[in-house]
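Note that the structure is a prediction, hence the values are computed from the model and not measured. All chains are named by letter (A, B, ...) in the order of the sequence lines, taking the proteins before the strands, and each is independently numbered beginning at 1. The analysis underlying the following values was restricted to heavy atoms, covering all of them including side chains, and did not include hydrogens, waters or symmetry mates.
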Amino acid sequence: MWTLNSPLTPQCCDQPKNTNVRISLPAVCFVWQLAMIILFGFFIRYNAESDVHWKQENKNISRSDIENDFYFRYPSFQDVHVMIFVGFGFLMTFLKRYSFGAVGFNLLIAAFGLQWALLMQGWFHSLDPMDGKIKIGVESMINADFCVASCLIAYGAVLGKVSPVQLMVMTLFGVTLYAVEEYIILNLIHARDAGGSMVIHTFGAYYGLSISWMLYRPNLDKRLNGSVYHSDVFAMIGTLFLWMFWPSFNSAISYHGDGQHRAAINTYLSLAATVLTTVAISSLSQKAGKLDMVHIQNSTLAGGVAVGTAAEFMLMPYGSLIVGFCCGIISTLGYIYLTPFMEKYLKIQDTCGIHNLHAMPGVIGGIVGAITAAAASEGVYGKEGLKTVFDFTGKWENMLPTQQGGHQAAGLCVALCFGIGGGILVGCVLRLPIWGDAPDDHCFDDELYWEVPEDEESIPPILEYDNHIRNQAG
Amino acid sequence: MWTLNSPLTPQCCDQPKNTNVRISLPAVCFVWQLAMIILFGFFIRYNAESDVHWKQENKNISRSDIENDFYFRYPSFQDVHVMIFVGFGFLMTFLKRYSFGAVGFNLLIAAFGLQWALLMQGWFHSLDPMDGKIKIGVESMINADFCVASCLIAYGAVLGKVSPVQLMVMTLFGVTLYAVEEYIILNLIHARDAGGSMVIHTFGAYYGLSISWMLYRPNLDKRLNGSVYHSDVFAMIGTLFLWMFWPSFNSAISYHGDGQHRAAINTYLSLAATVLTTVAISSLSQKAGKLDMVHIQNSTLAGGVAVGTAAEFMLMPYGSLIVGFCCGIISTLGYIYLTPFMEKYLKIQDTCGIHNLHAMPGVIGGIVGAITAAAASEGVYGKEGLKTVFDFTGKWENMLPTQQGGHQAAGLCVALCFGIGGGILVGCVLRLPIWGDAPDDHCFDDELYWEVPEDEESIPPILEYDNHIRNQAG
Amino acid sequence: MWTLNSPLTPQCCDQPKNTNVRISLPAVCFVWQLAMIILFGFFIRYNAESDVHWKQENKNISRSDIENDFYFRYPSFQDVHVMIFVGFGFLMTFLKRYSFGAVGFNLLIAAFGLQWALLMQGWFHSLDPMDGKIKIGVESMINADFCVASCLIAYGAVLGKVSPVQLMVMTLFGVTLYAVEEYIILNLIHARDAGGSMVIHTFGAYYGLSISWMLYRPNLDKRLNGSVYHSDVFAMIGTLFLWMFWPSFNSAISYHGDGQHRAAINTYLSLAATVLTTVAISSLSQKAGKLDMVHIQNSTLAGGVAVGTAAEFMLMPYGSLIVGFCCGIISTLGYIYLTPFMEKYLKIQDTCGIHNLHAMPGVIGGIVGAITAAAASEGVYGKEGLKTVFDFTGKWENMLPTQQGGHQAAGLCVALCFGIGGGILVGCVLRLPIWGDAPDDHCFDDELYWEVPEDEESIPPILEYDNHIRNQAG
């Protein structure tokens, strides 16, 4: 029996932690899901392109069925969907005994988050003034997945240290903050951010890091904070699906035609360059020149983050390579030097190293976006091109690229503020002793929240029968 | 040596079971594949959109190349294809020593089944009256994959208890029954079933359960009927690819434009809601509030099954959430209470719990479809919309939505009858002692049909050289 | 300490091998990536469909946005991308202790190779004569992935026996040779090769086999040259993603409309037939009729290779089945008889058996292509159809199908010569003792180039706390 006097007792609180979530987890799931049903009933309807009247209207204007936005964006949506659930989920399976929590809680909070995101983003972006309803379509689903991505990034910082109930609370607030921040950055400030370097990655990473800072565990037991051979291979599934589908992520909501086309090319190139510099730095950093799986699993993705904002701009193929080149270096160096430093001196425990994979590359992405926008010229883009790419329409008709660069920079600042500020506030909420989180010496362990099966070694050898078969055949 | 007097001898038969399939398996594979080649030679040709004359005809009517059905459906086809081979295959790898059989036999029977399905479905649906040939295209491939899905669902009930030869026989009959049942439901009864809640899931599940009932093993050894840590993570690969691509499954053969668009949205939402209620019930059902991987792997998918029939209808976003909400609860409760009950009292051994994942949600899906169809009104759909969605054309021109509701219900009954009746018949055939199935005490073991490699623990530690390298570097 | 006198010393060289790549690997990565940036800066620009001016031009000719080549090819591109990184990467994880090297080095050389391929193929195929720039778009990305595939095939032959630096050198030369060979076969000889049976598979396989022949290791230690249970399941991830997406591979660069449509159908069918004959031969070859995972992982894919060249021709559905039928047999027999023979008598050590999966099926694919082309008639294709399928335009306007058959055969010979000749030359370079490759007794071991985590068995059991929880709940 584990008591107050046991040396296992965490010193930061007065009573043993109770990780039983049998009341709180079902309660949160049921209540929130019921709330979603009611709110969806009041607010959410199909948009014109997914409504049954579309086909008839299409005939009237003799437009082809293939021009439904579904065919422009659905393949990209499915790729993004894979990134959210398999990509983020499996990337976090690298811990030796937290694979269930990684992939299972990832599914849970993503499934909740996307519903709440449809509502929050809908209220800000696609409320139909005629009937007060939110109209959803394939682009809404992509945006909901994007919004959820920011919460999953935040999960990376606290992986193994929080309860599923805390994760649900973190996601509720995260999605809410995201929707506000996104509205400010994209609509009020009129910054462009196709791949979400600022809106998704910068915000999500600093949100998670601030929460982790608020939940600092001085006596964290690190025995289970590491990988085994096969868990590293599982994590590579996540890495590769993120890496491969990132061109779809950055191009998913770009404008039709050359916008999506160019965003995919830029991301494809940037990621390729990142791999080489990541390998180089990883090898350089070890005495014997050996590679570290943590770097390969994470830093190879930094180029995709950093090219997010500028993906649809005329960044040029070599520009994408340069961005990827730098990010591979910076991200890998971050894993080597910055993560230990942050834990030791800043008291920020970052399980997955999201500061290196999302925070720094996200900020770089925002800066690259600002510079590329400020440097845009009519010579390269053409008059119409500038309008299309930077959406210089309506009240922004007379905006100049240099001004746009300033707005981009302002957007980056907003993302940073929302991430840090929001994270600190939510971190305070999550410090309440009611959420069922683990004691310091039982972090990174699936045993707390999962029925874990017996160990592999106990498989009974059934050899007799096999010998029988061999005899039969022989 | 394993003899008649050994306590291992199954009591239900007089002689030791011979699991050597060295004659029967190759014979079945060769003969059936040769039959396929001959039948394809006589019957199967490219349809107009995959024939070489298409491009010229297209030019003549100045239609764009992009309006080839390939571009409407191929991305969905590939997603469905992933569900069939990776989704179903890996979902069944959860057993500690049957991963080869899960993913390998899944590939075998799917590869055979899809060829036979092209023929069977072709004879019923796409026989060209001009030349007596079946014309295939991308939609035929999707339908063949759908047909195969029903057999793979049935495999889930008997996983680990049948030989590959039995699986091939089961698939041959399963595909045949499916094609007849599908023709009756979709063409004769004129029910709609875009995502196959009735045609695929209800039929497939009851087909498998009836076979499992006929093959009941009273002395089944359960030592290997469970998971280990890593096999559960492998199974999550299957779960996630099914979960993510289900919107493509339900929208793959909907009508172009808003039909596909709406089906994807409905499925996306239903699945999200299912996750939350599955987690809630799973946590509630355990003393300490811990989650059970079996529920997360399976019940989270129930919402996709149940929204199949109604996916292309105007179910409304909140309607989809409600369907998902209920199915998560019912499916998880099924795993907790119904599966043990069925084994104990009904003598139905259901390895993967397909009754909870496919049978019950499939029936719910059929009922939801009937209600939604009966409740369809011109106010919501418009006159043209009703025609398009419910295909009120030709001899069905004057049909009313309420009538359609009745037809939907009739379709569900046909699927149930074919599943149960067909399963009992095929189960009788599979009881013949010629198929090389395992004895009761060697089920769930890859050793019987696979060359299994040595165990992990026997990897020799090669440390000397590694020390050498460290010295070199130091 | 491992010294000259140790029995572990390889006898083929005078000094202990130094596998420290801390200088060479980072140097190669940095220098080559910098070179890429500079060359991309000079040469590579967006093509018309990914340039910002496209939208405006499109409006001028009132063409729909959906007719951007992006929407024709991007879904196929993403499928090909998955094959390159997850398919090839995971297919090679079957070794018990080389999964990091399989999936990690696969990522490294693919990421480098695709950049160099864009340049090399660009110079030969898409140099704009107006401004001397290479114009890239989605088709260029597919072609770059195709080019990389040939180098990854070659990697299969030397898996576990070369250093990452050698792999980079092998890829540099491989891509270069590929681009020249492809130019000769497709442009000068005017052979057709949509799925690359000749250009990709035949060339890549013989390139790898020749290198492996040059690097023959007489004292190769085979203790680690085998699988464990879970590594075989990981490899099935690779197999399945290759198998499922092969229709996209063979149709990715076919002509729009029926070309892509037909190529996908042919590949889908061929692969299905291959599975059945592979299973049949694998079962027949074992005393007890058991299946061998090596065959299922590899030979089931042979049908996709062999149908590559003829995929877009009017091969007919039964024709595809016949090709798949034969390849499953030949490939599996190759694993049983040919691979041991080649190692023993020809001194070619082929880790993954690429001779059976790529070389023989590739050659068969070339022959099938030649025969199908020679047999093409105006009766089947129509006059316009022949022009479209075989590109009888420009200086090839008066070509006859029989001539085309001859050209196809010539193309196959060129691929063979480039593969064998190039492999021998590059093999000579790779024999230099400067590349950091492993000694004969340390092949197939991740320890040499990776920081490998502790073993699974050392996970500390943390049971006390768990008991505490159970008590709490009870």
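Using a 4.5 Å cut-off between heavy atoms, A:Ile329 touches chain C through its side chain atoms alone. Only the side chain of C:Leu25 comes within contact range of chain A, judged by heavy atoms closer than 4.5 Å. Both the backbone and the side chain of C:Asp65 come within less than 4.5 Å of a heavy atom of chain A. Looking at C:Leu39, there are no atoms closer than 4.5 Å to chain A (heavy atoms on both sides), in backbone or side chain. Contact of A:Phe325 with chain C is made through the side chain alone, with heavy-atom distances under 4.5 Å. Of the two parts of C:Glu49, the backbone and the side chain both hold a non-hydrogen atom closer than 4.5 Å to a non-hydrogen atom of chain A. Only the backbone of A:Phe313 comes within contact range of chain C, judged by heavy atoms closer than 4.5 Å. Residue C:Phe43 does not touch chain A at all, counting heavy-atom pairs closer than 4.5 Å. Heavy-atom distances place both the backbone and the side chain of C:Ile136 under 4.5 Å from chain A. For A:Leu271, no part lies near chain C; criterion is any non-hydrogen pair under 4.5 Å. Interface residue A:Gln286: backbone and side-chain heavy atoms are both found under 4.5 Å from chain C. If you measure heavy-atom distances from C:Asp145 to chain A, the contacts under 4.5 Å come from both the backbone and the side chain. Contacts of A:Val294 with chain C are absent, with no heavy-atom separation under 4.5 Å from either backbone or side chain.
Comparing C:Phe40, C:Phe77, C:Phe100 by how many heavy-atom pairs each has under 4.5 Å with chain A, the most go to C:Phe100. Residue with the most contacts toward chain C among A:Gly382, A:Ser320, A:Pro317, A:Pro247: A:Pro317 (heavy-atom pairs, distance under 4.5 Å). Ranked by heavy-atom pairs shorter than 4.5 Å toward chain C, the options A:Val389, A:Asp292, A:Asp232, A:Thr277 are led by A:Asp232. The most heavy-atom pairs under 4.5 Å with chain A, out of C:Ala110, C:Gly104, C:Pro75, C:Gly137, come from C:Gly137.
In this structure, the separation between OG1 on A:Thr300 and CG on C:Leu108 is 10.5 Å, given to the nearest 0.5 Å. Here the NE2 atom belonging to A:His256 is positioned 10.5 Å from the CH2 atom belonging to C:Trp54, to the nearest 0.5 angstrom. Considering CG of A:Leu276 and CD1 of C:Ile109, their distance stands at 11.0 Å, rounded to 0.5 Å. Note that OG of C:Ser50 is 13.5 Å distant from CD of A:Glu312, once rounded to the nearest 0.5 Å. Interatomic distance, CD of C:Gln56 versus NZ of A:Lys387, reported as 9.5 Å (0.5 Å rounding).
When side chains are defined from C-beta on, A:Val279 does not count as touching C:Phe105, because their heavy atoms never get closer than 4.5 Å. Using a 4.5 Å heavy-atom cutoff, the side chains of A:Leu269 and C:Ile44 are not in contact. Annotation: side chain of C:Asp51 is in contact with side chain of A:Met314 (closest heavy-atom distance under 4.5 Å). Contact annotation: the side chain of C:Val103 approaches that of A:Leu240 to within less than 4.5 Å [non-hydrogen atoms, C-beta and beyond]. In this structure, A:Leu291 and C:Glu451 have side chains that are not in contact, with every pair of non-hydrogen atoms separated by 4.5 Å or more.
Taking each heavy atom of C:Asn20 and A:Gly289 in turn, the nearest pair found is OD1-N, 4.0 Å.
Inspection of the C:Asp446 and A:Tyr229 side chains reveals an N or O donor paired with an N or O acceptor under 3.5 Å. At a cut-off of 3.5 Å, with distance as the only test, a side-chain donor of C:Tyr46 or A:Asn266 sits close to an acceptor on the other residue.
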Please determine whether side chain to side chain contact (heavy atoms under 4.5 Å, CB included) holds for the pair A:Met236 and C:Thr93, giving the CA-CA distance in whole Å, both sets of side-chain angles, and the decisive distance to 0.1 Å.
CA-CA 11 Å; A:Met236 281 304 289; C:Thr93 58; over 6 Å; no
With side-chain hydrogen bond (donor to acceptor under 3.5 Å, both in side chains) as the test, would you mind laying out the steps for C:Tyr449 and A:Ser283 before giving the verdict?
CA-CA 9 Å; C:Tyr449 306 113; A:Ser283 177; over 6 Å; no
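A ring-centre distance under 6.0 Å is not found for C:Tyr71 and A:Tyr71. Taking the six-membered ring where the residue is Trp, the centroids of A:Phe241 and C:Phe241 are separated by under 6.0 Å. Under the 6.0 Å cut-off for aromatic ring centres, C:Phe234 and A:His230 qualify, their centroids lying closer than that.
A tilted orientation is assigned to the rings of A:Tyr268 and C:His81, their planes being inclined by 30° to 60°. Taking the six-membered ring where tryptophan is involved, the planes of A:Trp243 and C:Phe85 are tilted, since the angle between them lies from 30° to 60°.
Of the possible donor and acceptor atoms, none in the side chain of C:Tyr74 sits under 3.5 Å from a partner among the backbone N and O of A:Ala264. Listed for the C:Gln78 side chain is no donor-acceptor partner under 3.5 Å among the backbone atoms of A:Ser76. Formation of a donor-acceptor pair under 3.5 Å by the C:Lys55 side chain with backbone atoms of A:Thr388 is not found in this model. Side chain of A:Lys287 to backbone of C:Arg22: no donor-acceptor contact under 3.5 angstrom is found.
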